[in-house]
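Down below is the structure, laid out as structure tokens.
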Amino acid sequence: MGTAAIQQSSALTKDGIFVEIARLLERFRAGEATITSETVIAEDLTMDSLQVMDLMMELEDRFDVSIPLNLVPEIATVGQLADTIYASKTGA
Amino acid sequence: MGLLDRFKTIREVHGAVKACGADPFGVKMDRIVSATEAVIEGRPTILCGSNNYLGLTFDPDCIAAAQRATEEFGTGTTGSRIANGSYFCHKALETDLADFYGKKHCMVFTTGYQANLGAISTLVGPGDFVIIDADSHASIYDACKLGSATVIRFRHNDPVDLDKRLQRIAHEPGNKLVVVEGIYSMLGDHAPLKEFVEVKKKHGAYILVDEAHSMGVMGKTGRGLLEQEGVDADIDFVTGTFSKSMGAIGGFLVSDHPDFDILRVACRPYMFTASMPPSLVASVRASLAKLRAHPELMVRLWRNVDTLYHGLEAAGFKLGRQKGPVVAVHINDPALAARAWHGLLQNGVYVNLALPPATPSGTALLRCSVCAAHSTEQLRRVTDVITKVGLELGIIADRSVRIAAAE
Ligand SMILES: Cc1ncc(COP(=O)(O)O)c(C=O)c1O
């Protein structure tokens with residue numbers, strides 16, 4: 001499924017958000033390990049603190065939401081990141 | 001997990017850098033000879049990474065003023081302004097700075113780091129927003145952590161991106177403070193301030209400009225980027241430091257805000273640390289007077305910038321896009337940059353080594369800073385040494401090779 005399809009079909013479901021984040025994280029994947037909702041961003045991927053902040057910016061634009069820096073320390077896993085975006089997207 | 005085990009990655013990176021020959025974060029200066037020369041490990045060295053833009057650290061008038069103040073008022077204030085009182089000189093420096101910037105109010109802090117920490121963490125509070133440039137200095141990031149406003153980061157020097165991010169929070173009732181820098185300390189580029197002012201006006205936000213590297217460097221009279229861009233009146237808050245062009249240490253915040261003085265009893269990095277010692281207040285007053293009386297210092301600085309920037313550019317180095325007193329030589333490989341840095345030191349040239357993630361966009365930098373007091377000969381020597389080391393390490397190609405490749 002192409003990116004455009006993801007954007008249209010499922011970007012607003014939690015799963016759709018997760019799929020999209022996983023796609024953006026592909027380039028930071030360490031070895032063979034697949035990205036799951038339990039993947040710990042700061043430990044299981046090859047990202048430094050600056051790259052994490054830049055990823056947040058990219059996601060803000062991808063989903064048209066604000067992800068304040070204050071929230072970043074509380075986001076440990078990819079699943080939590082998807083939850084955070086879903087919550088700001090839906091006002092939940 | 002042990003107490004400091006979480007610094008494992010930093011330890012590894014620092015270890016790898018040291019393995020390239022020397023510790024760039026632990027240079028021992030045996031002796032400082034002048035604003036532009038030191039002795040490092042017994043070797044006479046040209047200082048080309050000290051942010052000493054106007055070269056005032058050895059100015060006889062500044063030294064004499066510091067000496068007199070020490071004799072008259074003692075070596076230190078032994079406390080904060082709220083506990084031990086403001087000395088006449090603190091007030092006088094604040095008056096001088098307010099006058100220099102044409103603003104009504106000024107507060108002096110003990111360092112520029114604390115000026116940002118205090119200003120940004122106190123101006124905005126719970127329910128408010130602080131919107132910072134992605135490449136902001138550590139003091140700005142730390143201020144955001146100390147404060148309780150919601151922190152949004154926008155793409156470096158990008159007014160369209162700032163606009164977009166302010167639009168996303170347009171419905172939020174809190175105050176919004178945009179924070180940018182005059183000259184960015186790593187790449188030496190400067191903010192498109194006019195455009196930022198338009199955006200902040202559109203959204204009813206405030207703007208704070210940190211002129212740390214641009215005070216005494218840009219603008220007709222040295223007020224910085226805001227003067228050069230002609231937006232003085234639109235800038236709500238200016239912070240800065242005395243540790244660069246002023247050749248001392250200390251920081252400040254100036255503004256026209258009518259309720260400014262409440263900050264003196266609300267701003268913790270102002271209230272709970274000892275104030276600037278009289279000697280430094282006196283030397284900064286003398287430096288500021290010097291800048292105001294001798295704007296030609298800036299002319300000399302920019303002439304020197306031309307010499308170094310164009311010299312390195314002609315040698316084939318990749319430099320920061322905007323020419324200025326911070327000249328950043330890009331080297332993509334951090335290990336190579338560390339070796340180059342060490343090579344320069346061994347050849348009597350001191351610059352800063354800057355490594356990711358402290359640098360923007362993952363590049364390593366040999367960060368040079370130009371001084372008004374550099375002689376043309378010194379800057380030629382610096383250019384020659386950087387070129388020699390760059391050729392030896394294959395960072396640049398030989399001129400003939402480059403010409404051949406271009407044809
Ligand atoms: C942009 C910027 N702001 C603030 C500071 C802090 O200044 P100070 O050295 O006075 O703490 C620096 C320098 O380190 C800086 O580069």
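Reminder, nothing fancy here: chain letters follow the sequence lines and each chain counts from 1. Just so it is clear, the model here is predicted, and its values are computed rather than measured. The analysis underlying the following values was restricted to heavy atoms, covering all of them including side chains, and did not include hydrogens, waters or symmetry mates.
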query = What do you reckon, is CG of A:L24 surrounded by more than 12 foreign heavy atoms closer than 6.0 Å?
reply = yes
note = Applying a strict 4.5 Å limit to non-hydrogen atoms, the region of A:Q51 in contact with chain B is neither
ask   = Should the pair A:D64-B:K164 be classified as a salt bridge under the 4.0 Å nitrogen-to-oxygen rule?
value = no
task = Inspect the surroundings of OH in B:Y206 and state if more than 12 heavy atoms from other residues, nucleotides or ligands are less than 6.0 Å away.
result = no
ask   = Is chain B contacted by the side chain of A:M56, its backbone, both, or neither, given a heavy-atom distance below 4.5 Å?
value = neither
request  = Check the pair B:R155, A:D54 against salt bridge (Lys or Arg N to Asp or Glu O under 4.0 Å), reporting the backbone distance first and the verdict last.
outcome  = CA-CA 9 Å; B:R155 287 181 211 281; A:D54 287 346; over 6 Å; no
ask   = Does a side-chain heavy-atom distance below 4.5 Å link A:V72 with B:R153?
value = no
Where A:M57 and B:R165 come nearest, the two heavy atoms and their spacing = O-NH2, 3.0 Å
inquiry  = Does B:R11, at its CZ atom, have more than 12 non-hydrogen atoms belonging to other residues, nucleotides or ligands within less than 6.0 Å?
reply    = yes
ask   = B:P357 and A:D48: which non-hydrogen atoms are nearest, and at how many Å?
value = CB-OD2, 3.9 Å
query = Are there residues of residues 138-152 of chain B that reach to under 4.5 Å of chain A by heavy atoms, and which ones?
reply = B:Y141, B:A149, B:T150, B:V151, B:I152
